[in-house]
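As structure tokens, the structure follows; a few thoughts come after it.
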Number of protein chains: 2
Amino acid sequence: MVASPQNVQRMPRAQRREQILDAATRAFARTGYVATGLDGVAAEAGVTLVLLYRHFDSKADLYRAVLDRACARLEATVGSSDYDESSISALLRAAADDPDGFRLLFRHAVREPDFRDVVNGMQAMSAEVTRRELAAVIPEGPWLDWAVQYVPTVTLEGVIAWLDAGQPDPDQAADRIALVVHSAIRAANGVD
Amino acid sequence: MVASPQNVQRMPRAQRREQILDAATRAFARTGYVATGLDGVAAEAGVTLVLLYRHFDSKADLYRAVLDRACARLEATVGSSDYDESSISALLRAAADDPDGFRLLFRHAVREPDFRDVVNGMQAMSAEVTRRELAAVIPEGPWLDWAVQYVPTVTLEGVIAWLDAGQPDPDQAADRIALVVHSAIRAANGVD
DNA sequence: AGCTTTGTTTAAGTCAACTTATACAAGATG
DNA sequence: CATCTTGTATAAGTTGACTTAAACAAAGCT
């Protein structure tokens, strides 16, 4: 005989799916894809492991769904805007709206070869756009390469540090991160 | 009957150990602890899987040895110096001396809870020293927290980007990273 | 009331990666 | 030459995590 489950939280399918995605985002944001077990995800969501498989075909499928949603949210807030002043504000807004997703994308997903393709929609922003913008200001050579890698990192890490610091005044934050970014661009052109 | 191995590279035990550590550092630097298989490490070292176990008790043991050596090298070059101008030069020198170890420590090991303790000898540098230095310049509050996390990251990512850019002129690099670091500190105090 | 949907429990299957065991080949050394 | 050390090859044991299956309970809708 099977014990009868008390206090089961029933939910329409779509809503449950979202709730699982929320929990999975939190869980994966802590330790990334490989090191995070589905046990942990299920526990975080407060449901059974089996239920996960009623909503997603596999671990990879779930992870892709998590990343896709995080990407979609990010792009909805940031858009394909050029890499100008306002885009830092937009990034801060996006990070505040979905902190776990933001951290997941930029602390883990970017270094997971199997899923890099999902983030490529934004590596366009991060790499190609940046290079085009920077190439107009920095002469060809190793220091341009340096800046192309460094500037996005400085931006994103500034945002993440802002999240971790408790999200003080977003407008100030945008100005301050912009200051650092500009100094990085100036640095790539030589100190003097 | 067993095929006779041709062209076996014999080596004194200590030297083989170092060679394995080199290969393991490269392998782990690519994908971190969990996602890197001992198969891959053995292949990278050009030896058999079984031989790994003649030198190290387990995967965790091997990884610890790799991290310990990378830490030791880093500390030998950087020392427990204060966080002043010269320490950026020292970091660049250390990174150039052991690029794979450097990347392994600061892109992977810092986010692997099971092995964080190994890196703690330098989280002293990264966290405590930094906080003391910054607390003298930045008023208590969320922006101090922001800077305490952001400044070390800006420093280390600057170094890694420099590695990836082909290590152009170390002296220039030190000046340029210092410029960005100082601008981050200034930013934490407000833009104006 | 009866059917569908959502959920649980329990159990078992699969598979990759870590780990250990055994036997053999060949250089180094006294 | 005898022996120790370094190395390979092959096979099997172990474990943890992903995955599937089956049976049952209860909420919700028609």
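So you know, we letter chains A, B, ... as the sequences are listed, proteins then strands, and number each from 1. All values derive from a computational prediction rather than experimental measurement.
Taking atom CE of residue M11(A) and atom P of nucleotide dT8(C), one finds them 10 Å apart after rounding to whole Å. If you measure from atom CG of L51(B) to atom P of dA21(C), you get 17 Å, rounded to the nearest angstrom. To the nearest angstrom, P of dA26(D) lies 16 Å from CD of Q9(A). As rounded to whole Å, 16 Å separates atom P of dT19(C) from atom NE2 of H55(B). One atom, CD of Q15(A), and another, P of dG28(D), lie 13 Å apart when rounded to the nearest Å. If you take CZ of F56(B) and C1' of dC18(C), they are 16 Å apart, rounded to a whole angstrom.
Under a hydrophobic clustering in which Ile, Leu, Val, Met, Phe, Trp and Tyr are joined whenever their side-chain heavy atoms come within less than 4.5 Å, directly or via other members, L144(B) and V154(B) fall into the same cluster.
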For R10(A) and R16(A), what are the C-alpha separation, side-chain angles and deciding distance, and is it a side-chain contact (heavy atoms from CB on, under 4.5 Å)? CA-CA 8 Å; R10(A) 279 179 73 88; R16(A) 175 66 81 190; over 6 Å; no
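Ion pairing of D68(B) with R73(B) is absent here, as no side-chain N (NZ or NE/NH1/NH2) approaches a carboxylate O to less than 4.0 Å. Ion pairing between a basic and an acidic side chain is recognised when a charged N comes within 4.0 Å of a carboxylate O; D22(A) and R69(A) show such pairing.
R30(A) is linked by a side chain to side chain contact (heavy atoms under 4.5 Å, CB included) to A27(A), E44(A), counting only residues two or more places apart in sequence or in another chain.
Taking the six-membered ring where tryptophan is involved, the planes of W146(A) and W143(A) are perpendicular, since the angle between them exceeds 60° and thus also 30°.
Note on T48(B): a side-chain N or O is less than 4.0 Å away from OP1 or OP2 of dT8(D).
Counting only distance, with no hydrogens or angles, the side chain of R131(A) and the backbone of V148(A) share no donor-acceptor pair below 3.5 Å.
Relative to the ring axis of W162(A), R176(A) does not place its NZ or CZ within 45° and under 6.0 Å from the centre.
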Atom pairs under 3.5 Å: protein N/O with N/O of nucleotides 16-19 of chain D:
| residue | atom | partner | partner atom | Å |
| --- | --- | --- | --- | --- |
| dC18(D) | OP1 | K59(A) | NZ | 2.8 |
| dC18(D) | OP2 | L38(A) | N | 3.1 |
| dT19(D) | OP2 | Y53(A) | OH | 3.0 |
| dT19(D) | OP2 | K59(A) | N | 2.8 |
| dT19(D) | O5' | Y53(A) | OH | 3.3 |

Taking only N/O atoms, report every protein-nucleotides 1-5 of chain D pair under 3.5 Å with atom names and distance.
| residue | atom | partner | partner atom | Å |
| --- | --- | --- | --- | --- |
| dT5(D) | O2 | R10(B) | NH2 | 3.1 |

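The side-chain heavy atoms of Y33(B) and K59(B), taken from C-beta on, include a pair separated by under 4.5 Å.
Counting only heavy atoms from C-beta on, R54(B) has its side chain closest to dG7(D) among dG7(D), dT10(D), dT20(D).
Nucleic acid contact class of V47(A) (heavy atoms, under 4.0 Å, all strands): sugar-phosphate only.
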